[in-house]
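All figures in this text were calculated on a predicted structure; none of them were measured in a lab. So you know, we letter chains A, B, ... as the sequences are listed, proteins then strands, and number each from 1.
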There are 2 protein chains.
Amino acid sequence: MEKAIKDILVNGALKVNGSLWVEGNGKRFFGPGPVELLELIQETGSINQAAKRMKMSYKKAWELINNLNNMAGVPLVVTSTGGDNGGGSAISEEARQLIAYHRDLRVRFSKFLEEETQRLK
Amino acid sequence: MEKAIKDILVNGALKVNGSLWVEGNGKRFFGPGPVELLELIQETGSINQAAKRMKMSYKKAWELINNLNNMAGVPLVVTSTGGDNGGGSAISEEARQLIAYHRDLRVRFSKFLEEETQRLK
DNA sequence: ATTCGTTATATCTTATGAGATATAACGATC
DNA sequence: GATCGTTATATCTCATAAGATATAACGAAT
């Protein structure tokens with residue numbers, strides 16, 4: 001009988017893992033990072049606070065969002081500067097759809113990874 | 001009716017993509033890069049030549065192989081220095097098994113990605 | 001007009017990784 | 001023992017990424 005893959009390695013705890021994203025003509029468009037950020041913007045109403053929650057610099061968060069908005073035909077994050085509370089941000093309906101889609105996608109992917117990990121043994 | 005995800009984006013050519021690897025207790029162990037390198041070592045009998053084919057520096061190739069051998073309980077690449085042709089390298093039977101496994105894995109993963117890409121539309 | 005917290009942007013510094021280069025060790029062949 | 005092409009390893013430089021810092025613009029509220 002052929003050896004199982006797991007017997008090739010010293011460390012027993014083997015598993016298949018991976019990551020998934022949506023590409024818009026060849027360029028990575030929407031991965032796991034943005035999802036969390038969008039959710040936090042929805043929750044906090046602010047890019048700044050969302051970034052802090054993720055321990056991400058404002059700069060990085062802003063660049064990420066800027067990319068997203070540029071690649072999408074519809075703005076995913078809509079911002080306003082100034083105003084009573086200095087301004088703020090919200091996510092669009094389309095962003096909510098993307099988040100929901102990605103959540104479902106991740107569920108199916110987890111199942112796939114689980115099955116493949118089983119197959120190792 | 002709800003908009004399809006693809007209608008959110010300007011660029012029609014949307015697809016789901018991703019990458020997959022095998023983890024040995026939390027650390028990435030075997031991804032798509034090593035597979036190609038191992039195959040080329042098998043083909044050329046030399047780390048040096050394999051690296052050149054991949055346009056990878058010898059250093060990087062060697063580090064990659066060293067990691068692999070360290071994490072695996074069994075050496076995946078066996079090398080010899082000196083000798084009639086200066087030395088050379090070959091891959092072990094276990095490496096061949098890993099390559100075969102990963103090839104099958106990629107086939108199934110492609111199918112998964114294909115299905116998910118369909119679902120976008 | 002001053003205050004406020006946010007968005008938006010530029011710039012500078014620093015850390016990390018990648019690549020380039022150099023060199024020793026090796027051992028069969030001649 | 002000289003030659004050869006390879007493995008093995010150290011070191012140095014450089015490009016790119018990441019982070020830190022600074023600052024302007026904004027507009028409602030007072």
Just do the side-chain contact (heavy atoms from CB on, under 4.5 Å) check on Gln42(A) and Leu38(A) with the steps written out, would you?
CA-CA 6 Å; Gln42(A) 179 175 30; Leu38(A) 288 186; over 6 Å; no
By the definition side chain to side chain contact (heavy atoms under 4.5 Å, CB included), identify the one residue from Leu20(B), Leu98(B), Leu105(B) that meets it with Phe30(B).
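For Phe30(B), the side chain to side chain contact (heavy atoms under 4.5 Å, CB included) test succeeds with only one of Leu20(B), Leu98(B), Leu105(B), which is Leu98(B).
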Below 4.0 angstrom, N of the basic side chain to O of the carboxylate: do [X] and [Y] qualify?
X	Y	answer
Arg103(B)	Glu39(B)	yes
Arg53(B)	Glu43(B)	yes
Lys60(B)	Glu63(B)	no
Glu93(B)	Arg96(B)	yes
Glu116(A)	Lys15(A)	no

Can you measure [X] atom [atom1] to [N] atom [atom2] for me and round it to whole angstrom units?
X	N	atom1	atom2	value
Glu63(B)	dA10(D)	CD	P	11 Å
Ile41(B)	dT6(D)	CD1	C1'	13 Å
Lys52(A)	dT7(C)	NZ	C1'	13 Å
Asn48(B)	dT9(D)	CG	C1'	14 Å
Leu68(B)	dT7(D)	CG	P	16 Å
Tyr58(B)	dA22(C)	OH	P	18 Å
Ile65(A)	dT6(C)	CD1	C1'	12 Å
Leu40(A)	dT6(C)	CG	C1'	17 Å

N/O to N/O distances under 3.5 Å, protein versus nucleotides 15-19 of chain D:
{"residue": "dG19(D)", "atom": "N7", "partner": "Lys59(A)", "partner atom": "NZ", "Å": "3.3"}
{"residue": "dG19(D)", "atom": "O6", "partner": "Lys59(A)", "partner atom": "NZ", "Å": "2.9"}

Chi angles and distances behind the side-chain contact (heavy atoms from CB on, under 4.5 Å) call for Leu14(B), Thr117(B)
CA-CA 8 Å; Leu14(B) 270 197; Thr117(B) 295; over 6 Å; no
Strand contacts (DNA chain D) in residues 76-85 of chain A, 4.0 angstrom heavy-atom criterion:
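Those residues whose heavy atoms fall under 4.0 Å from DNA chain D, taken from residues 76-85 of chain A in numerical order, are Thr81(A), Gly82(A), Gly83(A), Asp84(A).
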Quick check for you: among dT7(D), dT9(D), dT7(C), whose closest atom lies nearest to any side-chain atom of Trp62(B)?
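For the Trp62(B) side chain, the nearest candidate turns out to be dT9(D).
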Keeping the roles fixed (side chain from Asn17(A), backbone from Val22(B)), state whether a donor-acceptor pair exists under 3.5 Å.
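Pair absent, no side-chain N/O of Asn17(A) close to backbone of Val22(B).
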